[in-house]
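Below is one structure, written out as structure tokens; the observations come after it.
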Amino acid sequence: MADVIFFDLDGTLVDHRSAVMETIAAIVRAAPDATAPPDELVALWWSLEARHMREYLAGQCSFAEHHRRRLRSFLPMLGEPVPDDPALLDAWIEERYLSAFEESWQTYPDVRPCQEALKELPRVPRLAVLTNGDPGQQRAKLARFGLLGYFEAVLTPTELGAAKPAACAWMRTEPARDRTTDRPRRPADPPPRPFAARPVGGDSVQLRQSETELAVELELVEVLTV
């Protein structure tokens, strides 16, 4: 059976952090009664996202509720009242945040060349996306940039429960011990965005990179397939 490569989505294929920061910065700049400087409010939103996403992933709330929890902490700092009605919180997210956030999505410049290079390998791997986000939103990101066709599956905790073992079962590969291998650097390389091949099955790896400034180079394709 062909090797399986699981791609993370946010921070690997799509620049999630930049889209969040751009969107929240615009909201903060337009808030006349904000109770803290703009940079503090942007950092607060990012920390609230991390906290309440963990709660969603732990099964403690729905994806919509994790947004509401963010707002209940964020709106007082923005100088706005917190509605009691969850529907009003949902409307705020939809009208003030999500529409602008989705317009801010961008892929990293190396994404499509990487996918095309994988198709040219002597042993073409099977590709899937393994992501923590909302299934509809994550598929919409891939569709926006014409990337869905590269992947055999888009797998999320909503569908899988325990992501890694269930993802391996879905793709018909066996779980294995995790190990991280960093991308090698040439002396002339600028500081890299950490990017790792992480085996999650007997014939599978998970491809991830952190959200800093530099996209991975295509040499990684060779590292993954050695």
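Computed from heavy atoms alone, side chains included, the values below leave out hydrogens, waters and symmetry copies.
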If Ile, Leu, Val, Met, Phe, Trp and Tyr residues are connected whenever their side-chain heavy atoms lie under 4.5 Å apart, and connections chain through other members, are Phe63 and Trp105 in the same group?
-> no
Does any non-hydrogen side-chain atom of Leu155 lie less than 4.5 Å from one of Thr131?
-> no
Is Leu89 close to His67 at the side-chain level, that is, under 4.5 Å between some pair of heavy atoms?
-> no
State yes or no: are the ring centers of Trp92 and Phe74 separated by less than 6.0 Å?
-> no
Of Glu49, Glu65, Glu55, the one forming a salt bridge (Lys or Arg N to Asp or Glu O under 4.0 Å) with Arg70 is Glu49
Under 6.0 Å between the ring centres of His52 and Tyr56?
-> no
With a 4.5 Å limit on heavy-atom distance, are the side chains of Thr107 and Leu13 in contact?
-> no
Under the side chain to side chain donor-acceptor pair (under 3.5 Å) test, which residues partner Ser47, sequence neighbours left out?
-> none
Ring geometry between Tyr97 and Trp45 (parallel below 30°, tilted from 30 to 60°, perpendicular above 60°) = tilted
For Glu80, what residues pass the salt bridge (charged side-chain N to carboxylate O under 4.0 Å, His left out) criterion, not counting sequence neighbours?
-> Arg96
Between the side chains of Gln138 and Asp10, does any donor sit under 3.5 Å from an acceptor?
-> yes
Heavy atoms, side chains only, cut-off 4.5 Å: are Leu98 and Gln137 in contact?
-> yes
Can you find a heavy atom in the side chain of Leu142 that is under 4.5 Å from one in the side chain of Val129?
-> yes
